[in-house]
Amino acid sequence: MDYTTPSHEHVTVIEVGTRDGFQVEKPFIPTAVKAEIVDALIAAGIRDLEATSFVSPRAVPQLADAHEMLSLVQRRREAHIAALVPNARGAERALGAAVDEIVCFVSASATHNKANLNNTIEGSLAAVREVADIVRGKAEMRGAVACAFGCPFEGEVPVAAAMRVIDAYAKLGFTQLTLGDTTGMATPPTVARLVRAIQREHPDLPVTLHFHNTRGVGLANVMVGLDLGVRRFEASIGGLGGCPFAPGATGNICTEDLVYLLEESGFTTGVDLAALCAVANRVEAVIGRTLPGQVMKAGPRLRKYSLDGAACAVG
Ligand code: ZN
């Protein structure tokens, strides 16, 4: 890509913080506060959210309020609301809450799938088929591949292992695909290899990239995705996130930092960065610990310079 002139191409930023982020927080966040944060994100210009999860309330008590939370969101009609579902029961609950999109997930790594879902990959794909049969025609279907770029137990994940799950999603009629870097193991070469393979074998299946910043290269991987033509990225407000079943997994790439990078690179996101930073600061207060987001602390870059060319800000 040539970044010297803005392309103004639209890039979709999908907020996953109230799902991927909140699910690892132990103290229960009041349902009304969750809904208020979703509303604030929509007010800031976010139009796509994976807002919650219809997993078993026993497995993830933090998200046991999924249905009620969505019913409290005031600006719901302005956004596309997705929710994670693990099985037929979750699919029924998600449809009952009138979500726009359901998200299924299967790991590309057999060991992680066993640890995360207590199932074989075949078994998980059978559950995905049940979900698809319930949801098809009633909501959009997104297939997520966890550990698409590496596994904390198995190390490298071959392209063929991810492709096996992706092929299954395509056959079942899924129209959106998320490549999840669950434990932050993606690198520019692994991203390029898998995205190119999907563009070759499933040219009609739009790719969404979901990076964690565990090793500090999340936004570098976004740049690789952009160069490959990917225009959908998932991120968490303030950089919330992790995976309770993956050792050492830390937060997603941070939504404000992603929006900053995209807008400064000449893309259009439709998101108000200052408003988004205000939401991040609110989330930080709710969580009660410092979040890893950087633009929320530094603020957007100053665009005014003094006459001698030195930036107004010092330090
Ligand atoms: Zn994640």
Side-chain angles (χ1 to χ4, degrees), residues 12-26 34 37-38 41 46 48-55 59-60 62-63 66 82-86 90 101-109 111-113 115-117 124 142-154 157 162 165-166 169 176-187 190-191 194-195 207-222 225 230 232-258 280 283 287 291-293:
T12 301
V13 173
I14 304 169
E15 173 61 45
V16 299
T18 56
R19 196 282 297 170
D20 208 351
F22 283 176
Q23 72 178 5
V24 295
E25 299 298 329
K26 283 270 152 20
K34 289 176 184 141
I37 289 165
V38 169
L41 288 161
I46 297 283
D48 289 82
L49 300 98
E50 187 177 295
T52 187
S53 170
F54 288 89
V55 291
V60 186
Q62 182 65 259
L63 302 183
L84 204 66
V85 302
E101 179 182 286
I102 61 96
V103 184
C104 288
F105 55 101
V106 177
S107 184
S109 145
T111 316
H112 178 263
N113 204 67
N116 196 17
L117 301 174
S124 288
R142 172 182 295 273
V145 184
C147 291
F149 305 103
C151 166
F153 309 107
E154 295 185 13
V157 168
V165 177
I166 295 162
Y169 281 137
Q176 294 287 341
L177 174 69
T178 291
L179 303 179
D181 181 26
T182 315
T183 59
M185 294 175 75
T187 56
T190 55
V191 172
L194 183 53
V195 170
V207 170
T208 299
L209 293 173
H210 173 118
F211 295 123
H212 283 244
N213 203 32
T214 319
R215 292 172 179 80
V217 294
L219 291 181
N221 290 329
V222 168
V230 175
R232 290 155 194 266
F233 298 91
E234 297 182 352
S236 274
I237 188 77
L240 285 166
C243 175
F245 308 107
T250 51
N252 296 80
I253 58 165
C254 167
T255 313
E256 320 82 79
D257 296 2
L258 173 65
V283 171
I287 298 295
L291 291 177

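Counting convention: from 1, in listed order, for ligands and their atoms alike. Values reported hereafter were calculated over all heavy atoms of this structure, with side chains retained and with hydrogens, waters and symmetry mates removed.
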Quiz item: Which value, rounded to 10°, describes the NE2(H210)-the Zn ion (ligand 1)-NE2(H212) angle?
Solution: 100°

Quiz prompt | With sequence neighbours excluded, residues passing ring-ring contact (aromatic ring centres under 6.0 Å, His included) with F22 | solution = none

Quiz item: Is any N, O or S atom of D181 under 2.8 Å away from the Zn ion (ligand 1)?
Solution: no

Quiz item: Excluding sequence neighbours, so at least two apart, what forms side chain to side chain contact (heavy atoms under 4.5 Å, CB included) with T111?
Solution: S109, F153, E154

Quiz prompt | Of all N/O/S atoms in D20, the name of the one nearest the Zn ion (ligand 1) | solution = OD2

Quiz item: Are a donor atom and an acceptor atom from the side chains of T208 and R142 found within less than 3.5 Å of each other?
Solution: yes

Quiz item: How long is the span from the OG1 atom in T183 to the CZ atom in R215, to the nearest 0.5 Å?
Solution: 6.0 Å

